[in-house]
Amino acid sequence: MKRYWLVKSEPDEFGIDDLAAMPKKTEHWDGVRNYQARNTMRDDMKKGDEVFFYHSNCDVPGIVGLCTVVREGYPDHTAFDPDDKHYDPKSDPDNPRWFMVDVKLKRKFKRTISLKELKARDDLDGFALTRKGNRLSVMEVDKAHFELILGLE
DNA sequence: GCCAACGTTGGC
DNA sequence: GCCAACGTTGGC
């Protein structure tokens with residue numbers, strides 16, 4: 001059963017155009033240091049699942065494109081690298097604390113489906129992204145919500 | 001740059 | 001195990 005997800009990234013760090021520029025338009029989703037998001041990537045995201053790419057911390061926060069999971073959860077090696085920004089000395093290569101998946105860009109949307117627009121809708125009950133105080137960088141999206149949002153483009 | 005929300009850490 | 005202090009996220 002295919003599931004649907006949303007991942008956040010700051011365009012100043014790694015935006016959708018950066019993903020588009022990668023070989024095979026594919027990149028590993030490293031640097032997530034939150035246990036709930038970690039569990040989602042380690043356990044729940046499966047090959048072929050569809051993923052919204054969301055831009056946070058920018059002029060117009062919102063959903064900017066569509067990706068798919070092309071590799072399922074495996075250890076986030078950036079946690080082992082002391083020179084890496086996301087280095088975590090508590091993650092042991094023999095018992096990794098952090099995991100990631102690989103995502104591939106399917107397509108960039110013609111326009112940004114802004115957070116503002118999503119918040120203004122009354123047919124997205126329970127949508128994790130617009131729930132108060134949500135700071136998760138990886139979250140599940142209901143199939144119905146996913147399809148509804150796809151239709152907004 | 002501000003600050004609310006929330007997760008993590010560490011003293012006790 | 002509680003909870004205050006602190007750090008981070010992310011919209012505005």
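Here is the naming used below: chain letters follow the sequence lines, and residue numbers restart at 1 for every chain.
Between the base of C:dT8 and the side chain of A:Arg135 there is a donor-acceptor pair shorter than 3.5 Å.
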Using a 3.5 Å cut-off and no angle test, enumerate the donor-acceptor pairs between side-chain atoms of residues 146-153 of chain A and protein atoms at least two apart in sequence or in another chain.
| unit_1 | atom_1 | unit_2 | atom_2 | d |
| --- | --- | --- | --- | --- |
| A:Glu153 | OE1 | A:Arg107 | NH1 | 2.8 |
| A:Glu153 | OE1 | A:Arg107 | NH2 | 3.1 |
| A:Glu153 | OE2 | A:Arg107 | NH1 | 3.1 |
| A:Glu153 | OE2 | A:Lys110 | N | 2.9 |

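Taking the nucleotide of DNA chain B with the nearest heavy atom to each of A:Lys132 and A:Asn57, the more 5' of the two is matched to A:Asn57. Ranked by how close their nearest DNA chain B nucleotide is to the 5' end, A:Lys90 and A:Gly133 are led by A:Gly133.
Atom OH in A:Tyr35 sits about 10 Å away from atom C1' in B:dG7, given to the nearest Å. To the nearest angstrom, C1' of B:dA4 lies 14 Å from CG of A:Asn134. One interatomic measurement links the two molecules: CZ of A:Arg131 to C1' of B:dA5, which rounds to 14 Å at whole-angstrom precision. To the nearest angstrom, C1' of C:dG7 lies 15 Å from NE2 of A:His86. Rounded to whole Å, atom P of C:dG11 lies 12 Å from atom CG of A:Asp59. Following rounding to the nearest Å, A:Arg33 (CZ) and B:dC6 (C1') show an atom-to-atom distance of 19 Å. Atoms NE2 (A:His55) and P (C:dC12) sit 17 Å apart, rounded to a whole Å. One interatomic measurement links the two molecules: CD of A:Glu13 to P of C:dT9, which rounds to 10 Å at whole-angstrom precision.
Taking both residues in full, the closest heavy atoms of A:Gly31 and A:Asp76 are given as N-OD2, 2.8 Å, listed atom of the first, atom of the second, then distance.
Side-chain N/O atoms of A:Thr40 and A:Arg3 include no donor and acceptor closer than 3.5 Å. Under 3.5 Å, the side chains of A:Asp102 and A:Trp29 contain no donor-acceptor pair of N or O atoms.
Judged as a side-chain hydrogen bond (donor to acceptor under 3.5 Å, both in side chains), the pairs with a partner in residues 122-138 of chain A (not counting sequence neighbours) are, in order, A:Arg121-A:Asp123.
Using a 4.0 Å heavy-atom cutoff across all strands shown, A:Lys116 reaches no nucleic acid atom at all. Across all strands, A:Leu136 comes closer than 4.0 Å only to sugar-phosphate atoms, never to a base (heavy-atom distances).
A sub-4.0 Å separation between OP1 or OP2 of C:dT8 and a side-chain N or O of A:Lys85 is absent. In terms of phosphate contacts, A:Lys8 brings a side-chain nitrogen or oxygen within less than 4.0 Å of OP1 or OP2 of C:dG10.
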